[in-house]
Amino acid sequence: MEKFTQLTGVAAPMPAINIDTDKIFPAIHLRTIKRTGLAKHLFEEIRFRADGSENPDFILNQGPYRQAKIIVAGDNFGCGSSREHAPWALTDFGISCVIAPSFADIFYNNCFKNGLLPIALPQAEVDKLMDDAKKGGNAVLTIDLDKQTISRPDGEIVPFAIDPFRKHCMLNGLDDIGLTEQKAAEIATYETKTRGERPWVFGLTEKAGA
Amino acid sequence: MAQPRTLFDKIWDSHVIAPAGEGTYLLYIDLHLCHEVTTPQAFEGLKLAGRKVRRPDATIAVADHNIPTSNRKAGIDEPESKLQVDTLERNVVEFGVPYIPIDSINQGIVHIIGPEMGLSQPGMTIVCGDSHTATHGALGALAFGIGTSEVEHVLATQTLIQAHAKNMLVEVNGSLGAGVSPKDVILAIIGKIGTAGGTGHVIEYGGSTFRSMSMEGRMTVCNMAIESGARAGLVAPDEITFEYVKGRAYAPKGGAWEQALAYWKTLPSDPGAHFDKKTSLDAGQIAPHITWGTNPEQTAPITARVPDPADIDDPLKRAAVERALQYMQLKPKTPLVEIPVQRVFIGSCTNSRIEDLRAAAAIARGRKVAEGVRAMVVPGSGLVKHQAEEEGLDRVFLEAGFEWREPGCSNCMSMNPDRAMKGERIASTSNRNFEGRQGPGAKTHLMGPAMAAAAAVTGRLADVRQLG
Ligand code: SF4
């Protein structure tokens with residue numbers, strides 16, 4: 001995974017609440033075995049018209065927002081399906097950060113595995129950033145993960161909170177699996193102990209013929 | 001005395017291997033269910049890194065989303081669907097993962113077959129790259145959906161790095177009125193707490209209504225825990241649970257059964273255990289529910305009318321309702337029972353178990369699907385289909401003009417050919433009414449199986465209680 005340190009860019013305002021992962025990445029395109037090249041289906045149903053042409057009303061089809069690196073969104077962003085295709089499509093489009101009052105749990109987890117930074121802030125702070133975002137190319141935001149700050153175009157600094165372990169992994173581009181493998185001995189000890197306590201859950205899927 | 005703990009706390013504590021960082025833990029996973037949609041990139045990741053599947057004996061795979069529900073023998077027509085299923089079949093061979101083939105009677109929707117085969121058991125941690133994994137929580141297991149990177153993590157290490165969720169109790173007491181089903185209970189709950197009401201929490205469904213509910217009903221309820229944002233849904237294991245698990249293909253037998261049973265009985269929440277959040281509903285007040293909008297909190301009793309955005313003060317909520325009504329092409333204040341439907345879907349991991357099919361068949365019996373309506377019944381698994389046919393339910397449906405199909409996800413998410421036609425309005429027993437989920441422009445109304453059957457025979461949203 002690439003390291004995430006600082007990011008400066010245009011933010012696209014998407015004030016709607018409950019933007020779900022079906023909307024971010026439609027189900028029909030889940031029929032892929034790849035995790036790359038998915039930006040073409042990002043927000044497809046609202047981004048394109050029935051004839052395949054761009055819908056000019058959709059924010060990411062407008063001027064500076066085509067280069068947006070940040071989305072400022074409404075409450076409960078990423079709700080619904082667990083599909084990681086949603087963060088894959090967002091990062092493939094060039095989005096590296098989503099700011100919202102709240103996120104759905106699975107989407108939030110998925111973001112960190114893909115170098116996409118989800119920042120949850122109180123509604124009042126999000127409202128200010130939403131106003132900045134509406135100014136398009138005239139107002140870029142700068143996000144500093146190490147300092148945990150967002151710099152607004154007027155110079156105001158908005159601090160944000162993040163779990164220290166996730167921050168560490170993101171700053172250093174660490175692979176979770178590699179980290180967990182360092183705990184191999186503890187995992188093996190746990191397995192031995194559990195095999196004694198709850199033997200019936202071991203070998204479970206091999207017990208009967210399918 | 002030890003601190004009283006919730007069911008969730010107990011399962012969590014017994015699966016923590018070690019702290020992983022501030023506030024996060026390395027959690028052991030007992031059972032990993034895999035399907036074709038969310039695993040190809042995970043297996044690819046393993047391959048690239050030269051990793052193996054750590055515990056194939058705790059892993060099982062099935063194809064359910066993409067497969068056609070008619071003429072199975074002809075294979076899969078749509079090339080993308082075929083590639084995904086072929087990829088799964090190659091990966092299970094390469095990595096030695098047990099697999100349930102498409103032509104097996106055990107094949108079905110992953111969340112139907114886990115409990116049905118006795119794989120999902122109380123006290124376990126169960127994951128799947130699928131948000132409706134919460135279904136298995138009906139057995140008193142901690143079951144939750146994960147993304148594909150986490151699927152890869154579990155395949156490689158049999159563990160996950162997780163933050164401890166909070167505890168939430170949703171209590172429903174009393175008996176359900178005639179014609180009111182578990183689906184109505186969960187729709188009413190989501191309507192009350194909202195699509196983010198459970199975010200960051202594991203919900204335990206408690207109270208007398210759940211205590212007397214069948215396992216099938218509890219699965220319908222837990223299935224939709226995610227629709228209120230919850231990490232997982234749980235029902236404490238009891239005699240109904242044990243009776244259900246006993247004798248199933250993968251369930252413990254003999255001495256192991258006795259040992260397991262003794263353990264399972266220790267799992268229910270202790271009296272006085274702390275819940276961070278609580279809410280309650282009175283079962284007697286719950287009427288048959290449907291959704292009128294484009295997310296599962298936009299529900300109403302069938303006796304109500306389409307809401308009027310003008311009555312909503314919060315501007316963001318009002319905008320969301322306006323947008324939903326525009327998409328659903330509904331006028332404010334229209335009585336719900338006057339809304340015509342073109343399609344009916346009875347199936348999905350929410351409502352395709354034998355009880356669901358019995359409830360729908362009871363309404364379909366001796367009636368006819370209304371003119372201009374296409375109605376589909378898609379059993380959740382080969383075993384459900386077989387049992388329904390033993391009971392003659394297939395004849396009831398076919399005589400009434402419903403289609404009787406092969407098991408799979410089907411029109412729930414439209415990855416296979418069963419998707420709705422452009423803009424059709426659907427009465428559906430599935431779990432999500434998001435824009436476009438059942439087909440481009442498709443307008444979904446969620447409801448229970450008897451209500452969906454009532455919509456099929458009347459050609460409109462209908463109150464099943466009026467059909468008798
Ligand atoms: S039936 Fe629907 S919700 Fe359930 S697993 Fe299949 S696609 Fe997902």
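Just the heavy atoms: all of them, side chains too, but no hydrogens, waters or symmetry mates, feed the values below. Lettering follows sequence order; numbering is per chain, from 1.
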Engineer: Is A/Tyr65 reaching over with its side chain to a backbone N or O of A/Pro13, donor-acceptor style, under 3.5 angstrom?
Structural biologist: no
Engineer: Taking side chain as everything from C-beta outward and backbone as N, CA, C, O, which of these in B/Thr159 sits under 4.5 Å from a heavy atom of chain A? Side chain, backbone, both or neither.
Structural biologist: side chain
Engineer: Counting C-beta onward and ignoring hydrogens, is there a side-chain heavy-atom pair between A/Phe103 and A/Asn76 closer than 4.5 Å?
Structural biologist: no
Engineer: Is it the backbone or the side chain of B/Thr87 that comes under 4.5 Å from a heavy atom of chain A, or both, or neither?
Structural biologist: side chain
Engineer: Can you say whether B/Ala260 sits under 4.5 Å from chain A via the side chain, the backbone, both, or neither, judging by heavy atoms?
Structural biologist: both
Engineer: To the nearest 0.5 Å, what is the distance between NE2 (B/His153) and NZ (A/Lys113)?
Structural biologist: 6.0 Å
Engineer: Do you know which of B/Arg437, B/Glu36, B/His15 has the most heavy-atom pairs under 4.5 Å to chain A?
Structural biologist: B/His15
Engineer: For B/Leu119, is it the side chain, the backbone, both, or neither that has a heavy atom closer than 4.5 Å to a heavy atom of chain A?
Structural biologist: both
Engineer: Shorter than 4.5 Å, heavy atoms on both sides: which option in B/Ala256, B/Gly229, B/Ala319, B/Ala20 has the most such pairs with chain A?
Structural biologist: B/Ala20
Engineer: Find the one option among B/Pro296, B/Gly200, B/Ser414 whose heavy-atom pairs under 4.5 Å with chain A are most numerous.
Structural biologist: B/Gly200
Engineer: Measuring heavy-atom distances to chain A, does B/Ala58 have an atom under 4.5 Å in its side chain, in its backbone, in both, or in neither?
Structural biologist: backbone
Engineer: May I ask you to decide if A/Gly78's main-chain N or O and A/Thr21's side chain share a donor-acceptor pair within less than 3.5 Å?
Structural biologist: no
Engineer: If we define contacts as heavy-atom pairs under 4.5 Å, which of B/Thr39, B/Leu31, B/Val97, B/Thr195 has the most with chain A?
Structural biologist: B/Thr195
Engineer: Testing the basics here: between B/Thr38 and B/Thr148, what is the closest heavy-atom pair and its distance to 0.1 Å?
Structural biologist: O-OG1, 3.0 Å
Engineer: So which of B/Gln259, B/Glu44, B/Met124 has the largest heavy-atom pair count under 4.5 angstrom toward chain A?
Structural biologist: B/Gln259
Engineer: Of the backbone (N, CA, C, O) and the side chain (C-beta and beyond), which part of A/Leu30 lies under 4.5 Å from a heavy atom of chain B, both, or neither?
Structural biologist: both
Engineer: Hey, which of B/Arg231, B/Gln107, B/Glu435 has the most heavy atom pairs under 4.5 Å with chain A?
Structural biologist: B/Arg231
Engineer: Measuring heavy-atom distances to chain A, does B/Thr59 have an atom under 4.5 Å in its side chain, in its backbone, in both, or in neither?
Structural biologist: backbone
Engineer: Given that the side chain runs from C-beta out, which part of B/Ala42 has a heavy atom under 4.5 Å from chain A: side chain, backbone, both or neither?
Structural biologist: backbone
Engineer: Can you measure from NZ (A/Lys167) to CD (A/Gln148) and round to the nearest 0.5 angstrom?
Structural biologist: 3.5 Å
Engineer: Could you give the distance from OH (A/Tyr190) to CG (B/Leu27), rounded to the nearest 0.5 Å?
Structural biologist: 7.5 Å
Engineer: Taking side chain as everything from C-beta outward and backbone as N, CA, C, O, which of these in A/Asn114 sits under 4.5 Å from a heavy atom of chain B? Side chain, backbone, both or neither.
Structural biologist: side chain
Engineer: Is it the backbone or the side chain of B/Ile146 that comes under 4.5 Å from a heavy atom of chain A, or both, or neither?
Structural biologist: backbone
Engineer: Using a strict cut-off of less than 4.0 Å between a Lys/Arg side-chain nitrogen and an Asp/Glu carboxylate oxygen, indicate whether A/Arg35 and A/Asp92 qualify as a salt bridge.
Structural biologist: no
Engineer: Charged N to carboxylate O below 4.0 Å: is that the case for A/Arg195 and B/Asp57?
Structural biologist: no
Engineer: Between CD1 of A/Ile99 and CD1 of A/Ile71, what distance do you get to the nearest 0.5 Å?
Structural biologist: 10.5 Å
Engineer: I'd like to know which of A/Ser102, A/Ser81, A/Cys79, A/Pro87 tops the heavy-atom pair count under 4.5 Å against chain B.
Structural biologist: A/Ser81
Engineer: Between A/Glu45 and A/Lys23, does at least one N-O distance fall below 4.0 Å, as a salt bridge requires?
Structural biologist: no
Engineer: Any idea which of A/Lys193, A/Lys183, A/Glu181, A/Glu191 has the most non-hydrogen atom pairs under 4.5 angstrom with chain B?
Structural biologist: A/Glu191
Engineer: Counting only heavy atoms closer than 4.5 Å, note whether A/Gln182 contacts chain B via side chain, backbone, both or neither.
Structural biologist: neither
Engineer: Under a 4.5 Å heavy-atom cut-off, does chain A meet the side chain of B/Pro19, its backbone, both or neither?
Structural biologist: backbone
Engineer: For chain B, find which of A/Asp176, A/Leu179, A/Thr180 contributes the most heavy-atom pairs closer than 4.5 angstrom.
Structural biologist: A/Thr180
Engineer: Relative to chain B, which segment of A/Pro26 carries a heavy atom at a distance below 4.5 Å: side chain, backbone, both, or neither?
Structural biologist: neither
Engineer: Could you tell me which non-hydrogen atom of A/Phe165 sits nearest to which non-hydrogen atom of B/Thr24, and how far apart they are?
Structural biologist: CD2-OG1, 3.8 Å
Engineer: Name the option with the most non-hydrogen atom pairs under 4.5 Å to chain B; the candidates are A/Arg198, A/Glu197, A/His29, A/Arg166.
Structural biologist: A/Arg198
Engineer: Is there a side-chain contact between A/Ile19 and A/Phe77 (heavy atoms, below 4.5 Å)?
Structural biologist: yes
Engineer: Before we go on, tell me: are the rings of B/His35 and B/His65 under 6.0 Å apart, centre to centre?
Structural biologist: yes
